[in-house]
**Q** 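Take this structure, written in structure tokens, and hold onto it; I'll ask about it next.
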Amino acid sequence: MDISHLLDDLNEVQREAVAAAPGNMLIIAGAGSGKTRVLTRRIAYLIETGQASPLSVLAVTFTNKAAHEMRGRIEKLISAPTRGMWVSTFHSLAHRLLRTHWREAGLPQGFQILDSQDQYRTVRNVLKAMDLDETRWPPRQVQWFINSKKDEGHRPKHLDGSSDAYQERMIRIYQAYEEACQRGGLVDFAELLLRAYELWLGNEQLLAHYQHRFHHILVDEFQDTNAVQYAWLRLLSTSDNTMFVVGDDDQSIYGWRGARIENIQRFTSDYSSCKTLRLEQNYRSTGTILTAANTLIANNDGRLGKNLWTSGEEGEPVLAYNAFNDLDEARYIVEECRRWQDKGCRRQDIALLYRSNAQSRVLEEALIAERIPYRVYGGLRFFERAEVKNAMAYLRLMINRDDDASFERVVNLPTRGIGARSLLLVRDCASENNLSLWAAAHKLIDNKILKARAANAIMTFFTLVDSLADAAMSLELHEQVEHVLAQAALMDHYRREKSEKAQMRVENLEELVTAARQFNVAALEYDDDMDPLSAFLAHAALEAGEGQADEWEDCVQLMTLHSAKGLEFPVVFMCGLEEGLFPHQLSIDEPGRLEEERRLCYVGMTRAMRQLYMTSAESRRLHGNETYNQRSRFIDEIPEDLVNEVRMTRQVKQTAYASDLIPAFDSDHVIGGLKLGQRVMHNSFGEGIVLNYEGQGSHARVQVNFDQLGSKWLVLAYANLQSL
DNA sequence: GCATGCAGCACTGCA
DNA sequence: TGCTGCATGC
């Protein structure tokens with residue numbers, strides 16, 4: 001078999017990795033160093049040289065995007081069909097195992113996945129049932145506690161709360177939450193992984209089967225594995241099979257999700273025969289961008305050490321723009337987008353990256369105003385929209401009547417006369433008798449505890465769900481969805497609603513039918529006989545609906561820095577580089593978390609191929625109120641000679657904030673010799689920047705954001721400001 | 001039981 | 001800013 005096409009265009013280290021003799025390997029792969037290429041070529045090499053059959057390959061990644069891309073690339077490389085080869089994310093892998101071995105895993109056959117929204121609601125219900133005050137036991141905190149324990153592999157029974165009353169109570173809540181999930185046949189994201197691990201741990205035969213099957217285990221983004229994932233991989237690997245793991249400690253950005261960067265170091269000691277290779281040649285970015293990123297990341301301690309280099313051109317300096325507010329920042333960015341576009345750059349080659357989703361709005365508004373098409377990744381995704389989740393709740397109940405999360409969602413939607421009082425009875429009955437809500441409601445009706453009216457209403461609901469499930473037998477997937485929308489009167493419900501969003505909701509429901517029609521069970525790689533509806537529900541929970549509509553239209557790309565990982569763009573704007581926003585306020589005081597922010601910055605910078613922009617704003621409207629922040633330390637950590645400060649070229653023409661406070665002004669307008677955005681000096685407050693003004697003559701006041709003291713309004717006549 | 005309006009609150013990132 | 005819970009009136 002000719003394998004030259006797999007090796008010819010690789011550099012020396014890449015080739016060494018791809019064609020290495022069997023054995024455990026750790027590849028430290030810098031950003032843009034051809035990591036995915038090495039991984040896919042390695043798989044193709046193993047198969048084409050006859051060392052592996054597709055059946056014996058297990059390749060794991062973290063995101064669906066990466067998994068799809070990997071499979072696609074492998075398919076192009078090899079002649080054999082890739083069927084039977086497992087290429088997927090940790091979560092869908094775990095899900096698949098649990099589906100196949102639901103009995104051994106102690107789950108009902110129709111178990112459903114809880115996304116974090118569902119999990120939050122479930123936690124709240126548990127707190128309610130335990131009669132705990134939400135202000136003392138914030139559901140978010142409880143949720144975080146549960147997830148972090150699961151990520152560590154701890155069940156309530158493993159935890160000791162005897163020394164700490166708070167801890168003790170948290171453990172009891174965790175316990176109660178687990179019982180609620182078990183009752184409802186519900187599995188959250190962390191549970192998928194933990195259960196899959198326990199499934200193998202407690203089942204030698206089963207484990208042996210998979211150990212025997214997967215001779216070649218390949219892991220992407222290894223730095224993002226958490227304790228359970230690592231333990232799971234450890235279980236699977238024996239002396240007979242080999243691990244090929246690829247990672248970059250500098251790109252570990254999921255510590256908050258339990259990822260353990262030290263798993264990389266551990267790997268080399270746990271697998272003593274392991275060979276380590278470093279991919280340091282970068283094929284993506286200009287020399288300037290790489291040096292800037294390298295210098296930045298050098299501020300972190302305890303790195304494995306790595307220096308990216310390129311044989312390509314030096315390129316342009318990083319452009320830094322310090323806007324005087326977020327609107328000005330957005331205006332600058334959009335203007336630059338326009339310039340690139342005019343120069344012939346495709347819109348999809350431009351990415352606007354930000355730390356948190358809330359930042360997208362101002363950018364979107366500016367793009368809309370300039371009529372530049374854009375696409376936002378992440379944020380509220382398709383399958384997370386309320387109306388879509390409601391429809392999905394009916395579908396889930398059809399498969400699993402005990403799904404309490406779904407029951408709560410739609411038992412009275414559209415309203416059918418089941419009010420808070422009746423539901424309270426149902427919930428009480430459920431927790432007293434350890435029943436699901438569905439079963440508890442049945443019991444209440446059988447025992448004639450509910451009033452006739454409420455009982456009838458609930459009966460209507462029962463009949464509806466049962467008949468939907470019956471009808472589903474003979475319908476195609478998308479017809480099932482249509483049937484639900486019609487029979488449960490969801491479509492009518494939203495058609496009647498007269499809010500502005502109603503139209504949108506109706507369209508989303510129509511889109512859901514389309515999504516069901518296009519959904520291809522084969523795409524999920526389930527070779528067992530999972531029914532299409534179950535597969536669709538799992539797909540919705542695990543894939544939240546990225547890649548809906550418009551994917552191919554030429555659009556400017558907007559996304560968080562986290563979701564940009566693994567992607568590359570010729571032109572990248574990193575927005576909102578301000579202390580408190582990036583690095584985020586919640587991470588600033590802890591060295592470990594600050595370093596993770598810095599790695600996130602590193603990830604962002606290394607997305608850029610040709611031109612990198614880093615923008616910031618003196619003031620910003622966030623969550624409804626104005627904040628004033630210093631420019632991010634990350635910009636200062638880049639060598640000055642690699643950065644070009646863009647000076648403000650023009651003032652904003654108008655502002656969209658409270659227009660009653662801020663009069664419109666034109667660019668030539670000068671107040672008392674000062675302009676907006678101008679730096680000034682005050683005798684006692686020090687230096688600052690003019691943000692705003694109001695009034696005229698002797699009443700004129702200016703708002704100045706002082707570097708040390710923050711923002712103040714000053715009467716111009718007394719302030720004695722010196723312009724700088 | 002249900003629709004509506006308002007006050008209070010929270011809010012990083014993701015499968 | 002946007003969601004949630006609660007009070008209100010029907």
**Q** If you look at every strand shown and take non-hydrogen atoms under 4.0 Å, does A/R121 touch a base, only sugar-phosphate, or nothing?
**A** nothing

**Q** Identify the pairs formed between an N or O of the protein and an N or O of nucleotides 8-10 of chain C at a distance under 3.5 Å, and give each distance.
**A**
none

**Q** Taking the nucleotide of DNA chain B with the closest heavy atom to each, which residue, A/A190 or A/R453, is nearer the 5' end?
**A** A/R453

**Q** Which nucleotide sits closest to the side chain of A/L586: B/dT12, B/dC11, C/dT1?
**A** B/dT12

**Q** Mind checking if A/N412 touches a base, just sugar-phosphate, or nothing, with heavy atoms under 4.0 Å?
**A** sugar-phosphate

**Q** Can you tell me which nucleotide in B/dA15, B/dG13, B/dG1 comes closest to the side chain of A/S422?
**A** B/dG1

**Q** I need the single residue from A/E568, A/E69, A/E221 that forms a salt bridge (Lys or Arg N to Asp or Glu O under 4.0 Å) with A/K35. Which is it?
**A** A/E221

**Q** Remember a base hit wins even if backbone is also touched, and classify A/F62 as base, sugar-phosphate or nothing at under 4.0 Å, heavy atoms.
**A** sugar-phosphate

**Q** Please give, in whole Å, the distance from B/dC14 C1' to A/E221 CD?
**A** 13 Å

**Q** Just the rounded figure in Å: distance from P of B/dA10 to OH of A/Y120.
**A** 9 Å

**Q** Given B/dC14, C/dT1, B/dC11, identify the nucleotide with an atom nearest to the side chain of A/W256.
**A** B/dC14

**Q** Would you check, one step at a time, whether the test salt bridge (Lys or Arg N to Asp or Glu O under 4.0 Å) holds for A/K149 with A/E152?
**A** CA-CA 5 Å; A/K149 293 305 167 202; A/E152 300 280 307; over 6 Å; no

**Q** Please say which of A/R257, A/Q119, A/E191 ends up in a side-chain hydrogen bond (donor to acceptor under 3.5 Å, both in side chains) with A/N147.
**A** A/Q119

**Q** Any salt bridge linking A/R361 with A/E365? Criterion: basic side-chain nitrogen under 4.0 Å from a carboxylate oxygen.
**A** yes

**Q** Taking the side chain as every heavy atom from C-beta outward, state whether A/L558 and A/V556 have any atom pair closer than 4.5 Å.
**A** yes

**Q** What's the closest nucleotide to the side chain of A/E597 if the choices are C/dT1, B/dA15, B/dG13?
**A** B/dG13

**Q** Looking at A/Y394, does the NZ or CZ of A/R409 lie under 6.0 angstrom from its six-membered ring centre and within 45 degrees of the ring axis?
**A** no

**Q** Please tell me if A/R421 has a side-chain N or O lying less than 4.0 Å from either OP1 or OP2 of B/dG1.
**A** no

**Q** Counting just side-chain N and O atoms, does A/N357 come under 4.0 Å of either OP1 or OP2 of B/dC14?
**A** yes

**Q** Indicate yes or no for a side-chain donor-acceptor contact from A/T627 to the backbone of A/R620 under 3.5 Å, with no hydrogens or angles considered.
**A** yes

**Q** Is a donor on one side and an acceptor on the other found under 3.5 Å between the side chain of A/R607 and the backbone of A/V603?
**A** yes

**Q** Starting at NE2 of A/H539 and ending at P of B/dA15, how long is that distance when rounded to a whole Å?
**A** 13 Å

**Q** Whole angstroms only, please: what is the CD1-P distance between A/I588 and B/dT12?
**A** 14 Å

**Q** Just call it for A/F582: base, sugar-phosphate, or nothing, with non-hydrogen atoms closer than 4.0 Å on any strand.
**A** nothing

**Q** Out of B/dG1, B/dT12, B/dG13, which nucleotide sits closest to the side chain of A/H584?
**A** B/dT12

**Q** Which distance, rounded to the nearest 0.5 Å, do you find between the CD of A/Q112 and the CG of A/D404?
**A** 12.5 Å

**Q** Using whole Å, what does the distance between atom P of nucleotide B/dG1 and atom CG of A/L413 come to?
**A** 17 Å

**Q** Classify A/I418 by what it touches in the nucleic acid, base, sugar-phosphate, or nothing, heavy-atom distance under 4.0 Å.
**A** sugar-phosphate

**Q** Looking only at the side chain of A/N64 (C-beta and beyond, no hydrogens), which of the listed nucleotides B/dA15, B/dC14, B/dT12 gets closest?
**A** B/dA15

**Q** Taking the side chain of A/R124 as heavy atoms from C-beta outward, which of C/dT4, B/dA15, B/dG13 is closest to it?
**A** C/dT4

**Q** Between A/H154 and A/K150, is there a side-chain heavy-atom distance shorter than 4.5 Å?
**A** no

**Q** Is A/D224 salt-bridged to A/K565, going by a charged N under 4.0 Å from an acidic O?
**A** yes

**Q** Using Watson-Crick and G-U wobble pairs whose two distances are both under 3.5 Å, how do you write the pairing of DNA chain B as dot-bracket, with | for links to another strand?
**A** ||||||||||.....

**Q** How long is the line joining CG of A/N226 and C1' of B/dA15, in whole Å?
**A** 11 Å

**Q** Would you say the side chain of A/R257 and the base of B/dT12 hold a donor-acceptor pair, judged only by whether the two atoms sit under 3.5 Å apart?
**A** no

**Q** Round to the nearest Å and state the distance from A/W137 atom CH2 to B/dA10 atom C1'.
**A** 20 Å

**Q** Can you tell me how far C1' of C/dC3 sits from CZ of A/R385, to the nearest Å?
**A** 16 Å

**Q** Hey, does the side chain of A/S116 come within less than 4.0 Å of B/dA15's phosphate (OP1/OP2), counting only N and O?
**A** no

